[in-house]
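We use all heavy atoms of the structure for the numbers below, so side chains are in, but hydrogens, waters and symmetry mates are not. Every number for a ligand or one of its atoms is a count from 1 in the order of the listing.
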Amino acid sequence: MENSKFRIDEPVTSFDGFLKRELEVRKLPSLLTMESGFSVQSKEDWEKRREEIKSLLCREFAGFPCTFPLETEGAVVKTDENAFGGKAVTKTVDVRVKSPFSYVSFPCTVTIPKGMEQAPVFIYLSFTPAIADGLGEEIIDNGFAIASIYYQDVTADRDDDFSSGVARFCKRNSFDSWGKLQMWGWAASRVLDVLLSMSEIDSSRIAVMGHSRLGKAALLAGAMDTRFSLTVSNNSGGGGAAIFRQKTGEHICNLAGKGSRFWFCGNFFQYSNKEEEMPFDQHFLLAMMAGRHLYVCSASEDEWADPTSEFLACAAASEAFVSAGQSGLCCEDRHPEPGEWFYAGEIGYHLRKGTHYLGREDWNHVMNYRRYHQV
Ligand code: GCU
């Protein structure tokens, strides 16, 4: 028992046994081999490699976000001084983004618990207009502010030929222009722009979080924008935290269907049924958070997402965290049991018992992790 307790804090990269072999079987592309062929040896090398990976993921997976200079303004259009029975203040903010060529706006609600000098915050990509999909009160009670973005307000989640909301912000091509996951993630960054000017928010503790397709979007937000101190994905699966190679459940050919094709850039679908040819896999996406914190939530019966492939992606991404001077995932050299969690490393992880869902248990783990690391 003593021994097993000690092992909980071991960085996964120090293992030479079970998990290492599990990863070898997946035949993953090398995270730390630069395009020049040299290996990453230092923190500086990792920073260069990080830029290479960022371009690769934009070109082959998610599409490039708009690169115009931007100005973001948050106009408070409504204030509820007595949200949740007087425990919090909710501001409805119109997030207005201007470029030299374009303009777009979308709403966001920012709920701040009373009695705190500066609150750490979750920017939450929400499936519904309800604050944090209805769990707002619990989050506030735990001393966190929530900036909730109803994702369909950013751009509609349907194949509308990129004609709604942010999708109209810049011109596009069918190869490497941003898909809608990237747009939802970009919206989280624009909300971050606004939060930086709010004195009630702790600007050093801004997390981005989402579930399922919005977990994929949250990972992209954290990958593209280093101002997020913590990135959280819940049951994000294929195109999110799960390694594609030898994955169960959803594959790229499924994502190519008409209900989700527009989430990605066109180039991504050249790898449909050819996942072994991808120059990256999803551990590249997780590695983008190296130097900061990442938390991946899985559910044991979420076979479509594939919790094992989500866990292995965390293990595989850890070497980037080590290059950045951190430990990455810390656990025992085995797969997690349903109900287990690992908080010790800069990659946190839990495997909730049950199916595809984001509920209290997941939120509580993430909030515990934030308290543990003060992130
Ligand atoms: C579908 C889709 C997944 C996605 C999920 C969701 O199941 O195949 O990729 O994560 O919807 O967002 O709920």
So that I know where these two stand, are Tyr124 and Trp363 an aromatic pair - ring centroids less than 6.0 Å apart?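 Aromatic pair counts; centres sit under 6.0 Å.
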Apply the test salt bridge (Lys or Arg N to Asp or Glu O under 4.0 Å) to residues Arg292 and Asp225: give CA-CA distance (whole Å), side-chain angles for both, the deciding distance (0.1 Å), then the verdict. CA-CA 11 Å; Arg292 293 171 289 144; Asp225 190 340; over 6 Å; no
Salt bridge check: are Lys20 and Asp333 linked by an N-O gap of less than 4.0 Å?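 So Lys20 does not pair with Asp333 through a salt bridge.
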Electrostatic pair Asp157:Arg213 at N-O distance under 4.0 angstrom: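 Here Asp157 pairs with Arg213 in a salt bridge, since their nearest N and O are under 4.0 Å apart.
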Minimum heavy-atom separation for Cys297 and Val366, please, with both atom names.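 Nearest pair, atom of Cys297 first, then Val366: SG-CG2, 3.9 Å.
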Establish, for the pair Arg50 and Trp46, whether the NZ or CZ atom is under 6.0 angstrom from the six-membered ring centre and no further than 45 degrees off its axis.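 Arg50 over Trp46 ring: no.
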Check ligand 1 for N or O atoms under 3.5 Å from a protein N or O and list each pair with its distance.
unit_1, atom_1, unit_2, atom_2, d
ligand 1, 7 (O), Trp304, NE1, 3.3
ligand 1, 8 (O), Glu250, OE1, 3.3
ligand 1, 8 (O), Glu250, OE2, 2.4
ligand 1, 8 (O), Trp304, NE1, 2.8
ligand 1, 9 (O), Lys216, NZ, 2.8
ligand 1, 9 (O), Glu250, OE1, 2.5
ligand 1, 9 (O), Glu250, OE2, 3.4
ligand 1, 10 (O), Ser212, OG, 2.8
ligand 1, 10 (O), Arg213, N, 3.3
ligand 1, 10 (O), Lys216, NZ, 3.1
ligand 1, 11 (O), Arg213, NH2, 3.2
ligand 1, 12 (O), Ser212, OG, 2.8
ligand 1, 12 (O), Arg213, N, 2.8
ligand 1, 12 (O), Arg213, NE, 2.5
ligand 1, 12 (O), Arg213, NH2, 3.3
ligand 1, 13 (O), Ser212, OG, 2.8
ligand 1, 13 (O), Arg213, NH2, 3.3

